[in-house]
Q: 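Just passing along the structure, written as structure tokens.
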Amino acid sequence: MSRPALHLAVELDGDGAHPAAWRRAAHAPDQLLTPRRVAQVAAVAENAGFTLITLDDGVLPPGTAPNPVGRMGAVERAAFVAASTSSIGVAPVVPLTYAEPFHVSSQLASLDHVSAGRAGWVVSEEEQPEAARAWGRPLVDGADARARESRDGLEVARALWDSWEDDAVIRSVATSRYLDRERLHYIDFTGETYAVKGPAIVPRPPQGQVVVLGRPDRVPAAQLDVGLVGGPDLTSVTAAAAAAGTARVFAEVEVALDTPDATAAARVADLERHAPWPDRGRLRHIGSAGQLVALLGELSRHVDGVRLHPLVLDEDLAVLSRLVLPALSERRLVARPLPGTSLRTTLGLARPANRFAAVSLPEDAR
Amino acid sequence: MTRTDPLDVPRPHAQLHFGVFFQGVNHWTIWSAPESGSQIDPASFRKVAQTAERGLFDAFFLGEGLRLREVDGKIHDLDVAGRPDALTQLAALAAVTRRIGLVSTSNSTFNEPADLARRLSGLDLLSEGRAGWNVVTTDNAWTGANFRRGGYLDHADRYRRAEEFLTVARALWDGWADGAVAGAQTASAWAAPGAVRQVRHRGPQFDVDLAPTLPRSAQGHPVIFQAGDSGEGRDFAARNADVIFSAHGNDFDDALAFADDIRTRLRAVGRPDDDLRILPGTEIIIGATEEEAREKKRWIRLQQVTPATALGIATLLWGIDLSDRDADGPLPAEDPVVAENDGSFGARRVADPRAVVAEWRAKAEAHGWSLRETVIALGPQRGHVGTPAGLADKFAHFVRHGALDGFNVTPYLIPDGLDDIVDLLVPELQERGVYRTEYTGTTLRDHLGLREPLTHRSAAERRQAG
Ligand SMILES: Cc1cc2nc3c(=O)[nH]c(=O)nc-3n(C[C@H](O)[C@H](O)[C@H](O)COP(=O)(O)O)c2cc1C
């Protein structure tokens, strides 16, 4: 049997992956932080047939210290996008290094409700010490401590999503009970640095569990639905994908494409005059749409999806939607998500059983 | 109240403002009626917000509770419960509404300023200046069991933290100079050099140092609501808030006394006494005739106060478990037990239960009421009942005499509970000249007729008290 189609995700933060992307944007900087702009890029991605939008975030402003760029909270943008689209998945980046897992869990469950089951979550980390100063919290020091916060926070969020069984709302007029408290559960999580009682304040998300994406080298693979794997070349990406251990694996690919006006190389060079394009150890494609189609075809033999990081959204997204996705679609390599379909279903992931429902056997079965 | 000249009132041109409070938790929202929709379906939120917008309401309002309610250590199962995170839900509504304000109740005790201030600014920008923040503090450490710090912050400290929280939030919101962001891609930098101020705050509650992430919105920053009733809460509001969400909107004298108290507190801190809008929460029941309205009220109360709910309310009043009694029978014979705090967070305890029970007994006997009928008749009274014309006259009187500036309306039915208010009451109010006939501004601050945010007033402006 052939592999299922490749799923394409696209990172839509700011004006693109390059720190100076705004200089090539089709709009002035003061138009970036507007609802029109947020809705417009999402619409382009949805119309192009992407499976998923991701929205980067962190407590610190993007851009380098004396030259900040504005950024709205990813969860808020994701909810806004969810309400203005109908079929594409929406996944905000939410780091757990300092955030309250209870809030994060509620926010993402709510995103799943407002999107009718199209929510994802890219788990990340706040690495810079300045983030601790911004939060006013003691520094979570070192990679191990950050990994611990991600692991514990993710465990809390997932447990809270299960803390309401799907049918906890019974609306029993006869007994005047709105809830069946037997179907609500304290999670009583105790981790290394904190404890959380539960249950959630938000009913279980429509998908049961929001689709969680993250780096399998930073978060236990069992807690992820989709592993995001990097690597500077095809061999390392393939190796990382094979080792991921997650239900689905997406490769991270940065792209700069030839446009009718300029070659990809020229566009990158133009931006490099202002700032370097930081090397995040990801596969990078600088070239034509056709070459990218070939690369994605090659990748489709090793991964379930690719998350694209376009150099400049206004330029590369147009090429992706005019040339790349149609070519992939023609070859039956990608399929666009259908309206009314959850992100989980689009990705071919089963709706998870509820951990609490699973253990609550009927009395006579014990 | 014998005046007949409509201009012979303290505020002849005062306008009534409406918000809608989509309640996440409470027995006042009828869930048992066939026409009752879902409390969590996005379509319900959209419907209510769009109906309110059609009715030219100022704001759509969401409450917050960070732990499921319990009574005697068990999750309370009688009421509507389970609601979305307010800011997330409101950000979604920003995409499907155009004018109405979007107010989030968000806790200052279990949030951190950098994070919450940024979320609120995001909503403010996504809605182009329609965001509001109802600053609540939580009066129990029990909620804290859901957070990293665990139960914390005693009663005395919670408003201190709220105030310092707001100080930091405002510094963040004001951290970008106006026009900081470049107007063209050819600019030398995205934001003008030096236009973004680093915020360094060191106080008893917060020690933070960060660069704010967002510019000011069309309304400067989110409108500040406050909803506490203690003296400390009112003082906090007088110093900081733009709007008070009060519980004093049923009775004219009570509302006026509250409003006068707030005006006194405003003057005491050097603010003009018309600097704050007072919007009590209320329920509005409308009938074509007084008789029909009364009948409707009776039906509504029976839906709200089910036998089990009546027993629950009685349990809280008596301080003993009455859940196995007959709500349609007589009042319990036992004397109430005055308990300090038994860890129940379903409702507020009564200060002097013995006196209340004595009064209930007397009235029940006199009228031949069952326990449930007594709870309905003498339990918390809420809202206004009448014909559209009668209610419009009454509300015009309230607002023109300065007893309030409007109402935060709690529909008893989701999602259609606002329809008759919008279709029947609003036109009557418009006819009396106490309600807008179109939105004249685009921001929540515009709708409420508020001045510039407090931080953007000159010292002279702030001194010139009303
Ligand atoms: C009309 C009204 C609505 C309120 N809504 C909420 C709410 O949604 N969430 C919450 O945590 N507190 C809510 N509160 C509680 C207050 O914000 C405050 O924490 C509480 O009243 C205790 O403060 P106090 O001692 O000043 O009265 C509300 C209060 C009032 C009067």
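Computation of the quantities below employed the complete heavy-atom set of this structure, encompassing side-chain atoms and omitting hydrogens, waters and symmetry-equivalent molecules. Predicted model, so just to flag it, every value in this text is computed and none were measured.
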Q: Can a side-chain donor-acceptor contact be found between R119(B) and S106(B) if the only test is distance below 3.5 angstrom?
A: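 S106(B) vs R119(B): no donor-acceptor pair found between side chains.
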Q: Between the side chains of N354(A) and E165(A), is a donor N or O closer than 3.5 angstrom to an acceptor N or O?
A: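 On atom types as modelled, these side chains do not qualify, holding no pair under 3.5 Å.
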Q: Restricting to non-hydrogen atoms, name the atom on E126(A) and the atom on V59(A) that form the minimum distance, rounded to 0.1 Å.
A: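 Reported closest heavy-atom pair: OE2-N, 2.9 Å.
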Q: Please look at A195(A) and chain B and tell me whether the side chain, the backbone, both or neither of the residue comes under 4.5 angstrom of a heavy atom of that chain.
A: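 Just its backbone gets close to chain B.
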Q: Shorter than 4.5 Å, heavy atoms on both sides: which option in P212(B), A92(B), G122(B) has the most such pairs with chain A?
A: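 Option with the greatest count: A92(B).
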Q: Chain A heavy atoms under 4.5 Å from S188(B): which part of the residue, side chain, backbone, both or neither?
A: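 S188(B) touches chain A through backbone heavy atoms alone.
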Q: Answer with side chain, backbone, both or neither: which region of R137(A) has an atom nearer than 4.5 Å to a non-hydrogen atom of chain B?
A: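 It is the side chain, since no backbone atom gets that close.
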Q: Are a donor atom and an acceptor atom from the side chains of D41(B) and S44(B) found within less than 3.5 Å of each other?
A: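 Per modelled atom types, D41(B) and S44(B) side chains form no pair under 3.5 Å.
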Q: Do you know which of R77(A), H274(A), R133(A) has the most heavy-atom pairs with chain B at a distance under 4.5 angstrom?
A: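 Counting heavy-atom pairs under 4.5 Å, the top option is R133(A).
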Q: Is chain B contacted by the side chain of A200(A), its backbone, both, or neither, given a heavy-atom distance below 4.5 Å?
A: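 Just its backbone gets close to chain B.
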Q: Counting only non-hydrogen atoms closer than 4.5 Å, does L66(B) touch chain A with its backbone (N, CA, C, O), its side chain (CB onward), both, or neither?
A: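 When you check distances to chain A, atoms from both the backbone and side chain of L66(B) fall under 4.5 Å.
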Q: Given a strict heavy-atom distance threshold of 4.5 Å, which part of A184(B) is in contact with chain A: side chain, backbone, both, or neither?
A: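 Just its backbone gets close to chain A.
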Q: Counting only non-hydrogen atoms closer than 4.5 Å, does D57(A) touch chain B with its backbone (N, CA, C, O), its side chain (CB onward), both, or neither?
A: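 The side chain, not the backbone.
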Q: Taking atom types as modelled and ignoring hydrogens, do the side chains of S87(A) and E46(A) form a donor-acceptor contact shorter than 3.5 angstrom?
A: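 On atom types as modelled, these side chains qualify, holding a pair under 3.5 Å.
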Q: With only heavy atoms counted, which part of S36(B) is less than 4.5 Å from chain A, the side chain, the backbone, both or neither?
A: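 Backbone plus side chain of S36(B), per the 4.5 Å heavy-atom cut-off to chain A.
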Q: For residues V168(B) and P113(B), report the shortest heavy-atom separation together with the two atoms involved.
A: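 Shortest heavy-atom contact: CG1-CB, 3.7 Å.
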Q: Does a side-chain N-to-carboxylate-O contact under 4.0 Å join R130(B) and D124(B)?
A: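 No, this pair does not count.
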Q: Select, from Q39(B), R200(B), R67(B), R46(B), the one with the greatest count of heavy-atom pairs under 4.5 Å involving chain A.
A: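 Among Q39(B), R200(B), R67(B), R46(B), the one with the most close pairs to chain A is R67(B).
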Q: List the atom of Q31(A), the atom of R37(A), and the distance in Å for their closest heavy-atom pair.
A: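 Taking Q31(A) first and R37(A) second, the nearest heavy atoms are O-CB, 3.4 Å.
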Q: At a heavy-atom distance under 4.5 Å, which candidate from G144(B), A187(B), P215(B), P307(B) has the highest pair count against chain A?
A: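 Among G144(B), A187(B), P215(B), P307(B), the one with the most close pairs to chain A is A187(B).
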Q: Between the side chains of Q89(B) and H113(A), does any donor sit under 3.5 Å from an acceptor?
A: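 Per modelled atom types, Q89(B) and H113(A) side chains form no pair under 3.5 Å.
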Q: With a 4.5 angstrom heavy-atom cut-off, which part of R24(A) approaches chain B: side chain, backbone, both or neither?
A: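 Interface part for R24(A): neither.
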Q: Distance from L96(A) atom CG to R148(A) atom CZ, nearest 0.5 Å?
A: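 The distance works out to 12.5 Å.
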Q: With a 3.5 Å distance limit and no angle check, can you tell me whether S38(B) reaches the backbone of I40(B) through a side-chain donor-acceptor pair?
A: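 Here the side-chain-to-backbone pair exists.
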Q: Please look at I170(A) and chain B and tell me whether the side chain, the backbone, both or neither of the residue comes under 4.5 angstrom of a heavy atom of that chain.
A: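 Interface part for I170(A): neither.
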Q: Let me know if H27(A) has heavy atoms under 4.5 Å from chain B in its side chain, its backbone, both or neither.
A: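 Backbone of H27(A) only, per the 4.5 Å heavy-atom cut-off to chain B.
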Q: Does the plane of the ring in F22(B) sit parallel, tilted or perpendicular to the ring in F60(B)? Use 30° and 60° as the thresholds.
A: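 Judged by the thresholds at 30° and 60°, the geometry between F22(B) and F60(B) is tilted.
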Q: Heavy-atom cut-off 4.5 Å, strictly under: side chain, backbone, both or neither for S115(A) against chain B?
A: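 Contact with chain B: none, neither part.
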Q: Answer with side chain, backbone, both or neither: which region of S32(B) has an atom nearer than 4.5 Å to a non-hydrogen atom of chain A?
A: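 S32(B) touches chain A through backbone and side-chain heavy atoms alike.
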Q: With a 4.5 angstrom heavy-atom cut-off, is it the side chain or the backbone of V38(A) that approaches chain B, or both, or neither?
A: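 The side chain, not the backbone.
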Q: Closest heavy-atom contact between N146(B) and P199(A)?
A: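 The answer is ND2-O, 4.5 Å.
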Q: In terms of heavy-atom pairs under 4.5 Å, which option from Q185(B), E112(B), R148(B) contacts chain A the most?
A: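 Sorted descending by pairs with chain A, the first entry is R148(B).
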Q: Which region of A132(A), side chain (C-beta onward) or backbone (N, CA, C, O), has a non-hydrogen atom less than 4.5 Å from a non-hydrogen atom of chain B, or is it both or neither?
A: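 Neither part; nothing is under 4.5 Å.
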Q: Main chain of S108(B), side chain of R161(B): is a donor-acceptor contact present, judged purely on distance under 3.5 Å?
A: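 Checked: pair present.
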Q: Assess whether salt bridge (charged side-chain N to carboxylate O under 4.0 Å, His left out) is satisfied between R181(A) and E70(B), documenting all intermediate values.
A: CA-CA 10 Å; R181(A) 63 164 77 103; E70(B) 293 174 2; over 6 Å; no
Q: Counting heavy-atom pairs closer than 4.5 Å to chain A, which one of V25(B), V96(B), L125(B) comes out on top?
A: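 That would be L125(B).
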Q: Heavy-atom pairs under 4.5 Å with chain B: which of A83(A), S110(A), A74(A) has the most?
A: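 Among A83(A), S110(A), A74(A), the one with the most close pairs to chain B is S110(A).
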Q: Who in residues 97-106 of chain A is close to chain B, using a strict under-4.5 Å heavy-atom cut-off?
A: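 So far as heavy atoms go, T97(A), Y98(A), A99(A), E100(A), P101(A), F102(A), H103(A), S106(A) are the residues that approach chain B to under 4.5 Å.
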Q: On the 0 to 90° scale, with breaks at 30° and 60°, tag the F110(B)-F147(B) ring pair as parallel, tilted or perpendicular.
A: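 Parallel.
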Q: In terms of heavy-atom pairs under 4.5 Å, which option from E130(A), K197(A), R36(A) contacts chain B the most?
A: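 Among E130(A), K197(A), R36(A), the one with the most close pairs to chain B is K197(A).
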Q: Relative to chain B, which of Y178(A), Y194(A), W135(A) shows the most heavy atom pairs under 4.5 Å?
A: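 Most heavy-atom pairs within the cutoff with chain B belong to Y178(A).
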Q: Applying side chain to side chain donor-acceptor pair (under 3.5 Å), can you list everything that pairs with H27(B), at least two apart in sequence or on another chain?
A: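 H27(B) satisfies side chain to side chain donor-acceptor pair (under 3.5 Å) with no residue once adjacent residues are dropped.
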Q: Tell me which of these, I75(B), L210(B), D85(B), D77(B), has more heavy-atom pairs under 4.5 Å with chain A than the rest.
A: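 Answer, by heavy-atom pair count under 4.5 Å with chain A: D77(B).
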Q: Between chain B and each of I201(A), V196(A), V202(A), count heavy-atom pairs under 4.5 Å; write down the option with the most.
A: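 The option with the most such pairs is I201(A).
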Q: On a heavy-atom basis, which atom in W121(A) and which in L154(A) lie closest, and how many Å separate them?
A: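 Looking at all heavy atoms of both residues, the shortest contact is CZ3-CD1, 3.4 Å.
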Q: Answer yes if the side chains of R118(A) and T85(A) hold a donor-acceptor pair under 3.5 Å, and no otherwise.
A: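 Yes, a side-chain donor-acceptor pair sits under 3.5 Å.
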